[in-house]
Amino acid sequence: MIERRVAELVREALRASAGELGLDGALPEVEISVPKLREHGDFSTNVALALARRVGRPPREVAEVIAAHLPADPVLARAEVAGPGFLNLFLTDAWLHDALREAVRLGPAYGRAERLGRRVQVEFVSANPTGPLHVGHARNAVIGDAIANVMDAAGWDVQREYYFNDAGRQMELFGASVEARYLQRFGVEAEVPPDGYHGAYIADVAEAIAARHGDALVRLPPEERAARILHEGSALVLDQIKATLERFRVRFDRYLHERELHDSGQVTRAVERLREAGYAYEADGAVWFRATAFGDDKDRVLIRANGAPTYFAADCAYLVDKFSRGFDRLIYVWGADHHGDVARLKGAARALGYDPEVVEIVLYQFVTLYRGGELVRMSKRAGDIVTLDELLDEVGVDATRFTLLSRSNDSPIDFDIELVKRRSMDNPVYYVQYGHARIASILRHAAERGVGLRPIDEVDLAPLATEAERDLLRAIAELPGRVLEAAELRAPHRLAYFAQDLAARFHRFYTECRVVTDDEPLTQARLQLAAGAKVAIANVLGLLGVEAPEAMERLEGDPSDAGA
RNA sequence: GCCCUCGUAGCUCAGUGGAUAGAGCGCCGGCCUCCGGAGCCGGGUGCGCAGGUUCGAGUCCUGCCGAGGGCACCA
């Protein structure tokens with residue numbers, strides 16, 4: 001990557017000027033940034049600013065010294081000292097051409113870093129199997145999925161995992177709710193518990209069980225019946241969740257059931273381990289975790305007075321399980337309503353003897369559904385929800401994913417179904433996809449005219465000289481760095497913005513530069529540029545889980561459609 | 001009350017301590033003999049308030065104001 005090469009040049013210059021600057025000890029970190037203004041060069045570094053105090057000389061003077069020691073390099077055209085002491089570097093076009101060649105040659109692999117040999121687990125969605133997924137889960141799903149994609153591209157070995165909370169009170173309520181509906185279906189008097197689940201989907205689950213067993217379960221002893229229905233009901237919901245996720249293009253390497261942690265004794269062992277470490281104690285008949293030792297507001301219950309372990313106890317067991325699998329990073333994707341649990345989870349990690357820095361929580365704000373400006377109220381208990389499946393039926397996977405990834409995790413999202421459905425500029429996903437389809441169209445057009453893409457190493461790229469062409473080249477060249485950045489910051493939304501930037505630069509290029517002309521060398525160079533842009537857009541969309549179409553339907557009322 | 005997140009253009013939002021803070025939407029005006037006009041070009045207004053750290057603060061720290069969320073032997 002070009003930034004690395006530039007940074008190395010600057011480091012060499014630093015080494016060479018160390019004597020003159022009276023610089024002893026370690027060299028400072030060299031940061032390379034892309035200036036906002038063209039006049040400030042292709043890349044810029046602030047080392048001189050950072051170094052000025054240390055060597056006791058004015059920053060501009062330091063920058064001059066470093067500039068004078070920059071090694072000669074075919075990629076480096078010139079360096080300028082500017083502003084308070086920036087060192088601005090102007091490169092030859094060779095680096096832009098190299099980037100384009102790489103994009104075209106590598107295709108789908110362009111922007112993928114070398115393997116780091118580091119392992120990360122991303123645990124996300126992890127919704128209870130008590131009902132269908134909705135938009136809130138959808139945001140969790142796309143954030144986790146995109147972070148996994150992006151970290152994979154950045155060189156991490158990623159494992160995606162879903163944790164089913166299929167034990168505990170909520171599941172019992174779910175089971176009791178399904179059971180009531182099942183019994184009602186066969187004319188047996190039964191009530192859904194007041195704090196149970198009242199949605200229509202509960203009746204659907206009951207119906208599915210009835211379809212399988214008829215009224216056979218009615219005659220079972222109550223305890224056995226409850227267990228059967230809970231088990232089968234949650235399995236049915238789970239299958240439905242998996243199907244929805246599949247459709248949403250979210251895949252997992254592993255599903256872990258909380259039940260297993262209990263049945264295998266891992267929960268008991270984890271609590272025991274906390275006790276041995278001196279971080280668990282008994283009081284009021286319950287077993288407590290000394291969370292206050294780690295900055296939490298209060299101590300937390302591990303085992304209730306009635307002997308039942310809490311979810312937190314299972315979380316501790318899961319933590320032990322995750323650490324035992326040797327990950328370098330453990331990422332949890334949580335809704336902001338769980339921020340209060342962060343301290344105790346990290347505390348648990350420390351108490352169990354692990355490095356809490358390995359545990360990383362990605363929090364995201366809530367999604368509020370609107371329809372044409374009108375708030376869509378949702379209550380899961382009352383069963384008044386718009387399911388993710390319904391949402392996907394109505395607005396589609398691409399628009400849903402892109403929209404949910406187009407805000408920072410910290411920003412709440414107002415998801416207006418009518419707006420996201422619209423194929424308009426309220427909806428940038430189509431702008432980006434259109435860019436991709438347009439390039440595909442150009443390439444088809446060229447092919448029809450008998451103009452094919454030659455191997456890019458045989459093509460002279462020097463004809464790419466206009467501002468629009470160079471801007472597009474730069475965007476393509478920036479992609480690998482953007483991917484690393486998005487991965488490091490766990491901020492996939494940055495790629496959603498970058499995708500729009502890429503598309504915008506392509507659209508301007510398209511408007512200003514005719515690709516297929518009688519000028520053969522120019523045509524060939526521009527075709528290669530278009531092909532590189534296509535790769536870049538496709539790869540960024542791919543990381544977001546959004547399709548890059550070869551063609552799109554023309555809009556009704558599109559004037560270009562009139563004569564076609 | 002305590003804790004977390006957020007407050008940037010009329011609206012919705014970007015902006016990992018750097019130079020003149022950006023994009024889309026909306027509004028006004030231009031651009032199709034030609035590869036897809038779902039496009040392109042031009043037009044302008046803004047970092048909630050007050051301190052502090054720094055050569056340099058939208059970004060870091062403190063306080064205040066405002067919005068959302070969390071403070072269970074619930075998830």
Side-chain angles (χ1 to χ4, degrees), chain A residues 31 33 35-37 39-40 44 46 49-50 52-53 58-59 82-86 88 127-128 130 165 168-171 173 195 284-288 295-298 300-306 308-312 335-343 363-366 368 406-414 416 419 423-428 430-431 433-435 437-446 448-449 468 485 488-489 491 493-494 496-497 500-501 503-504 506-517 523 526-527 530 551-555 557-561 564:
Chain A
E31 279 179 38
S33 59
K36 273 174 276 193
L37 268 58
E39 307 94 88
H40 293 152
S44 174
N46 64 351
L49 271 322
R53 174 171 293 236
F86 291 104
N88 293 335
N128 288 2
T130 54
N165 288 113
R169 173 103 183 113
Q170 292 306 314
M171 284 312 294
L173 282 172
D195 50 353
D284 305 327
V287 179
W288 297 73
D296 203 350
D297 300 338
K298 53 186 75 171
R300 308 288 173 169
V301 171
L302 288 161
I303 311 285
R304 299 186 188 97
N306 69 7
T310 59
Y311 283 83
F312 176 57
D337 55 335
H338 284 88
H339 80 258
D341 303 343
V342 172
L363 296 173
Y364 61 91
Q365 296 294 319
F366 284 149
T368 312
S406 64
R407 300 267 185 286
S408 94
N409 299 337
D410 288 333
S411 181
I413 294 182
D414 289 338
D416 193 315
L419 287 184
R423 308 200 147 207
S424 71
M425 274 316 304
D426 296 318
N427 202 352
Y430 295 115
Y431 177 82
Q433 289 186 316
Y434 178 56
R438 218 177 191 188
I439 298 171
S441 174
I442 295 176
L443 297 179
R444 283 193 298 269
H445 171 83
E448 280 163 21
R449 302 262 304 248
E485 179 185 77
E488 266 165 40
L489 299 174
H493 76 282
R494 291 198 172 221
Y497 277 87
Q500 292 173 70
D501 188 31
F506 165 73
H507 284 304
R508 187 157 82 90
F509 157 74
Y510 175 86
T511 303
E512 292 182 15
C513 306
R514 194 175 165 82
V515 176
V516 182
T517 64
T523 297
R526 285 181 171 169
L527 278 175
M552 292 169 77
E553 280 175 32
R554 283 167 202 269
L555 264 194
D558 177 352
S560 68
D561 201 22

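Reckoned from all heavy atoms, side chains included, excluding hydrogens, waters and symmetry mates. Below, chain A is the first sequence line, B the second, and so on; all start at residue 1.
- At a cut-off of 3.5 angstrom, counting only N and O atoms as typed in the model, there is a donor on one side and an acceptor on the other between the side-chain of A/H339 and the base of B/G69.
- A distance of 11.0 Å separates CD1 of A/I439 from CG of A/L527, quoted to the nearest 0.5 Å.
- In this structure a side-chain-to-backbone donor-acceptor pair under 3.5 Å is present from A/T310 to A/V301.
- Going from atom CG of A/L363 over to atom NE2 of A/H339 covers 8.0 Å, rounded to the nearest 0.5 Å.
- Distance from the side chain of A/P35 is smallest for B/A19 among the nucleotides B/U16, B/A19, B/C73.
- At whole-Å resolution of the value, CG in A/D501 and P in B/G22 are 13 Å apart.
- Where stacking is scored as ring centres under 5.5 Å apart with planes under 30°, A/H338 registers as stacked on the base of B/A75.
- Atom-to-atom, CG of A/D341 to P of B/C4 comes out at 15 Å; the value is rounded to the nearest Å.
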As a check on the pairing definition, encode RNA chain B in dot-bracket form, counting Watson-Crick and G-U wobble pairs whose two distances are under 3.5 Å, and using | for partners outside this strand. (((((((..((((....[...)))).(((((.......)))))....(((((..]....))))))))))))....
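- Taking atom CZ of A/R407 as the reference point, atom P of B/G15 lies 11 Å away to the nearest angstrom.
- A/E485 comes within 4.0 angstrom of a nucleotide base, judged by non-hydrogen atoms across all strands.
- Nucleotides B/A9 and B/G30 place their P atoms 30 Å apart, quoted to the nearest Å.
- Looking only at distances, a side-chain donor or acceptor of A/N306 sits under 3.5 Å from a matching main-chain atom of A/A308.
- Between B/A67 and B/C73, the distance separating the two P atoms is 29 Å to the nearest Å.
- Side-chain to base pairing of A/R514 with B/C34: one donor and one acceptor N or O lie within less than 3.5 Å of each other.
- In this view, A/N165 and A/E258 satisfy the side-chain hydrogen bond (donor to acceptor under 3.5 Å, both in side chains) rule, not counting sequence neighbours.
- Comparing the P positions of B/A19 and B/C41 gives an interatomic distance of 24 Å, to the nearest angstrom.
- Among residues two or more places apart in sequence or in another chain, the side chain to side chain contact (heavy atoms under 4.5 Å, CB included) test is passed with A/T511 by none.
- For a distance-only test at 3.5 Å, the side chain of A/N88 qualifies as a donor-acceptor partner of the base of B/A19.
- Distance A/Q500 CD to B/C40 C1': 17 Å, rounded to the nearest Å.
- Between A/K36 and B/A19 there is a side-chain N or O to OP1 or OP2 distance below 4.0 Å.
- Stacking here means ring centres nearer than 5.5 Å and ring planes tilted less than 30 degrees, and by that measure A/F86 stacks onto B/A19.
- For the pair A/W288 and A/L302, the minimum side-chain heavy-atom distance is 4.5 Å or more.
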Encode nucleotides 5-11 of chain B as B, S and - characters from 5' to 3', where the letter depends on protein heavy atoms closer than 4.0 Å: B to the base, S only to sugar-phosphate, - to neither. SS-----
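- B/G10 and B/C4 are spaced 31 Å apart, taking the C1' atom of each and rounding to whole Å.
- Contact annotation: A/H507 side-chain N/O to B/G36 OP1/OP2 distance is not under 4.0 Å.
- Put simply, the side chain of A/T368 does not reach to within 4.5 Å of the side chain of A/P412, judged on heavy atoms.
- In this model, no side-chain donor or acceptor of A/D337 finds a partner on the base of B/G69 within 3.5 Å.
- One atom, CZ of A/R508, and another, P of B/G42, lie 8 Å apart when rounded to the nearest Å.
- Atoms CG (A/N46) and P (B/U59) sit 18 Å apart, rounded to a whole Å.
- Side-chain N/O atoms of A/T523 and A/T517 include a donor and acceptor closer than 3.5 Å.
- Between the CD atom of A/E512 and the C1' atom of B/C34 there is a distance of 16 Å, given to the nearest Å.
- In the set B/U16, B/G39, B/A72, B/G39 carries the atom at the smallest distance from any side-chain atom of A/Y434.
- Separation of the P atoms belonging to B/G42 and B/G36 is 24 Å when rounded to the nearest angstrom.
- Heavy-atom distances to RNA chain B give each of A/R169 and A/A446 a nearest nucleotide, and the one nearer the 5′ end belongs to A/A446.
- The separation between A/I413 atom CD1 and B/G69 atom C1' is 16 Å, rounded to whole Å.
- For the P atom pair drawn from B/A21 and B/C25, the interatomic distance equals 22 Å after rounding to whole Å.
- A/L37 comes within 4.0 angstrom of a base, heavy atoms only.
- Take A/Y510 and apply the side chain to side chain contact (heavy atoms under 4.5 Å, CB included) test, not counting sequence neighbours, and it matches A/R438, A/I442, A/F506.
- For A/T511 and B/C40, the shortest distance from a side-chain N or O to OP1 or OP2 is not below 4.0 Å.
- Using a 5.5 Å limit on the distance between ring centres and a 30° limit on the angle between planes, the aromatic ring of A/H40 counts as stacked on the six-membered base ring of B/A19.
- For a distance-only test at 3.5 Å, the side chain of A/S44 qualifies as a donor-acceptor partner of the base of B/A19.
- Regarding contacts with the backbone of B/C40, a side-chain N or O of A/Y431 is found under 4.0 angstrom from either OP1 or OP2.
- Shown here are the side chain to side chain contact (heavy atoms under 4.5 Å, CB included) partners of A/A440, two or more places apart in sequence or in another chain: A/R444, A/K534, A/E550.
- Using a 30° and 60° split on the angle between ring planes, A/H507 and A/Y434 fall in the parallel class, below 30°.
- Here the separation of B/G66 from B/A23, taken at their P atoms, is 34 Å to the nearest Å.
- Take the nearest nucleotide of RNA chain B for A/S408 and for A/A50: the residue whose nucleotide is more 5' is A/S408.
- Glycosidic conformation at B/C4 (O4'-C1'-N9-C4 for purines, O4'-C1'-N1-C2 for pyrimidines): anti, more than 90° from 0.
- If you take atom P in B/G22 and the same atom in B/G63, they sit 32 Å apart, rounded to whole Å.
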